[in-house]
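Reading through the structure tokens given below for one structure.
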Amino acid sequence: MPQHSQLDDPVYASVAWARYWQLMRWMGIFTAICITITLSILFYQHGLVSIHMYIATAGGVGFAVMLMAALMGLVFLSSATGHDESIDDPVTKSISPDE
């Protein structure tokens, strides 16, 4: 039987999601800084090349960093709210510690 998660409480859930979105805002600023540094290094090493290269580089760096931030933020949210412990895991019940 699954247990109840703290995310079932609307007040606690709103606080947890507010922390998550605050983390995402900070990571958005960090991502902008990473893109700026990356494009600066690219310009320093190769000069002015095709604008498409700069757009693709900015998009790739931005997508990679924000995807990492979103997924890790969800892992932290799930762990901090006890949502991980609230699942019903039938596999671990059937395995003895000696195996």
Side-chain angles (χ1 to χ4, degrees):
M1 183 74 165
Q3 301 171 358
H4 290 288
S5 170
Q6 290 183 2
L7 287 177
D8 294 335
D9 177 22
V11 175
Y12 190 85
S14 66
V15 170
W17 282 107
R19 282 194 329 245
Y20 173 78
W21 288 113
Q22 181 182 15
L23 171 74
M24 289 304 293
R25 282 191 292 274
W26 280 109
M27 287 307 295
I29 294 169
F30 177 73
T31 301
I33 293 169
C34 287
I35 290 171
T36 304
I37 291 170
T38 302
L39 293 180
S40 299
I41 292 171
L42 188 64
F43 180 76
Y44 178 74
Q45 289 182 349
H46 300 286
L48 189 58
V49 292
S50 173
I51 188 69
H52 299 100
M53 181 175 169
Y54 289 104
I55 293 171
T57 302
V61 170
F63 178 75
V65 174
M66 288 304 291
L67 180 64
M68 179 272 314
L71 293 176
M72 286 304 296
L74 289 173
V75 167
F76 294 147
L77 174 78
S78 177
S79 177
T81 60
H83 195 69
D84 292 342
E85 289 82 20
S86 69
I87 64 163
D88 184 25
D89 190 7
V91 175
T92 58
K93 293 177 186 173
S94 64
I95 298 175
S96 68
D98 296 333
E99 292 180 6

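In this structure, S14 contributes its side chain and V11 its backbone to a donor-acceptor pair below 3.5 Å.
A distance of 12.5 Å separates OG1 of T57 from NE2 of H52, quoted to the nearest 0.5 Å. Here OH of Y54 is found 8.0 Å from CD1 of I51. Values are rounded to the nearest 0.5 Å.
Under the 4.5 Å side-chain heavy-atom criterion for Ile, Leu, Val, Met, Phe, Trp and Tyr, V61 and M53 are members of the same hydrophobic cluster. Cluster annotation: I55 is not connected to F63 through the hydrophobic network of ILVMFWY side chains, with a link wherever side-chain heavy atoms come within less than 4.5 Å. Linking Ile, Leu, Val, Met, Phe, Trp and Tyr whenever their side-chain heavy atoms come within less than 4.5 Å leaves V65 and I33 in two separate clusters. Residues W17 and M66 are members of one and the same hydrophobic cluster, defined by side-chain heavy-atom contacts under 4.5 angstrom among Ile, Leu, Val, Met, Phe, Trp and Tyr.
In plain terms, the two heavy atoms of Y20 and L74 that are nearest each other are CE1-N, 3.6 Å. Summarising the geometry of I35 relative to A58, their closest heavy-atom pair is CD1-O, 3.6 Å, with the distance given to 0.1 Å.
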Would you tabulate the side-chain donor-acceptor contacts of residues 21-28 under 3.5 Å, counting partners in other chains and residues two or more places apart, or write 'none'?
none

**OP:** Take L67 and L71 through the side-chain contact (heavy atoms from CB on, under 4.5 Å) test and state the conclusion after the steps.
**Re:** CA-CA 6 Å; L67 180 64; L71 293 176; 4.0 Å; yes

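The side-chain contact (heavy atoms from CB on, under 4.5 Å) test applied to H46 returns L42, V49, not counting sequence neighbours.
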